[in-house]
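One structure is given here, and the rest of the page talks about it.
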Amino acid sequence: MPHIFLYGPPGTGKSTVGKVLAKNLNLPFLDMDRLVEARLGMPVSGIIERHGEAPFRDYEAAVLQTLADEMDSVVALGGGTLLRDENRRFAEKHGQVILLMAKAETLLERLRQGPGKRPLLSGNLGESLSALLEKRREHYASFDRQLCVDGHRSDQTA
C-alpha cells in the first residue's frame, strides 16, 4: 500500500482524520508540520515569522522528499504543501492524495475552536480564510480524489 496523503485547507481535519485512518489501517501517522518543526526545532508559526513563507516551503519540500525512503504511512500535509509542482508530483508518485474539503463556514468554526497559531491566517480570521480559499480555489479543485468533511466526525471521515 502506498502512502496516503491527506491534503486540503486549514481546518479540514487532516491531522485528526489522519490519526484515525492510520489506526484503522495499522499504518504509521506522520504530520508534515510536526516533521518540519522537529527538524528546525521551532513551531511552524515561528519558522514563518522568522524566515517567511518561501523558506518554510523549502524546508517542507525537503522533509517531504525524505518520505521516499519511509515505510508506507498516512501523511497529513500542510494546506499549501502541494502548491509546488514538484511536491505534487512527488506525492502523486509515492501515494494517493485525498483532498479534504469543507464549506468556509465549517472551516471558520473549526479554526476558531482549534488551538494553535496559524501564521497564514493572521488578522481577521474570516477575511484571511476567504482570501486563502479564493487564492487556492483552482488548485484545490484540480485534485481528483476529494472528500467533503462537512457534518462528519473525524472517525466517519476516516
Is the shortest side-chain heavy-atom distance between Thr106 and Met101 below 4.5 Å?
no
So does Gly8 get a backbone contact from the side chain of Lys14, meaning a donor-acceptor N/O pair under 3.5 Å?
yes
For the residue pair Leu82 and His139, establish whether any side-chain heavy-atom pair is separated by less than 4.5 Å.
yes
To the nearest 0.5 angstrom, please state how far the CG atom of Leu64 sits from the CG atom of Leu30.
10.5 Å
Under a 3.5 Å threshold, yes or no: a donor from one side chain and an acceptor from the other, between Thr81 and Asn87?
no
Between Tyr7 and Leu100, is any pair of side-chain heavy atoms under 4.5 Å apart?
no
For Leu129 versus Ala104, what's the shortest heavy-atom pair and its separation?
CD2-O, 3.8 Å
Arg112 with Glu109: basic N within carboxylate O range, under 4.0 Å:
no
For Val20 and Ser154, which heavy atoms make the closest approach, and how far apart are they?
CG2-OG, 4.2 Å
Less than 6.0 angstrom from the centroid, inside 45 degrees of the normal: does Arg34 satisfy that with respect to the ring of Phe29?
no
Salt bridge (charged side-chain N to carboxylate O under 4.0 Å, His left out) evaluation trace for Glu60 with Arg57:
CA-CA 5 Å; Glu60 188 177 55; Arg57 297 291 176 204; 2.8 Å; yes
For salt bridge (charged side-chain N to carboxylate O under 4.0 Å, His left out), just list the numbers for Asp150 and Arg110, CA-CA rounded to whole Å, side-chain angles, deciding distance to a tenth of an Å, and then say yes or no.
CA-CA 11 Å; Asp150 286 310; Arg110 289 178 174 189; over 6 Å; no
Do His3 side-chain atoms and Leu67 backbone N/O form a donor-acceptor pair below 3.5 Å?
yes
Tell me whether Arg137 is salt-bridged to Glu134, with the criterion being a basic N under 4.0 Å from an acidic carboxylate O.
yes
When you measure from the side chain of Glu37 to the backbone of Val44, do you find a donor-acceptor pair of N or O atoms at a distance under 3.5 Å?
yes
How far apart are the closest heavy atoms of Pro2 and Gly95, and which atoms are they?
CB-CA, 3.6 Å
If every non-hydrogen atom of Val149 is compared with every non-hydrogen atom of Ala102, which pair is closest and at what distance?
CG2-CB, 3.7 Å
Ignoring hydrogens, what is the shortest heavy-atom contact between His51 and Pro55? Give both atom names and the distance.
O-CG, 3.1 Å
Hey, what do you get for CG (Leu21) to CG (Leu27), rounding to the nearest 0.5 Å?
7.5 Å
Below 4.5 Å, heavy atoms only, C-beta onward: do Leu147 and Thr12 meet side chain to side chain?
no
Atom CD of residue position Gln156 - does it have more than 12 heavy atoms of other residues, nucleotides or ligands inside 6.0 Å?
yes
Leu107 versus Pro9: any side-chain heavy-atom pair under 4.5 Å?
yes
Rounded to the nearest 0.5 angstrom, the OG-NE2 distance for Ser73 and His94 is 11.5 Å
What one should report as the nearest heavy-atom pair of Val74 and Ala22 is CG2-CA, 3.7 Å
Arg136 side chain vs Gly79 backbone, donor-acceptor pair below 3.5 Å:
yes
Roughly how far, to the nearest 0.5 Å, is the CD1 atom of Ile48 from the CZ atom of Phe56?
5.0 Å
Salt bridge check: are Lys19 and Asp155 linked by an N-O gap of less than 4.0 Å?
no
With heavy-atom distances below 4.5 Å as the criterion, would you say the side chains of Gln96 and Phe5 are in contact?
no
I want to check something: taking the side chain as every heavy atom from C-beta on, are Glu92 and Arg88 in contact at a cut-off of under 4.5 Å?
yes
Can you check whether Val63's main-chain N or O pairs, donor with acceptor, with Thr66's side chain at less than 3.5 Å?
yes
Would you confirm whether Gln146, through its side chain, and Tyr140, through its main-chain N or O, come within 3.5 Å as a donor-acceptor pair?
yes
Hey, is the main chain of Ala62 close enough, under 3.5 Å, to the side chain of Gln65 for a donor-acceptor pair?
no
Taking the side chain as every heavy atom from C-beta outward, state whether Leu6 and Ile4 have any pair of such atoms under 4.5 Å apart.
yes
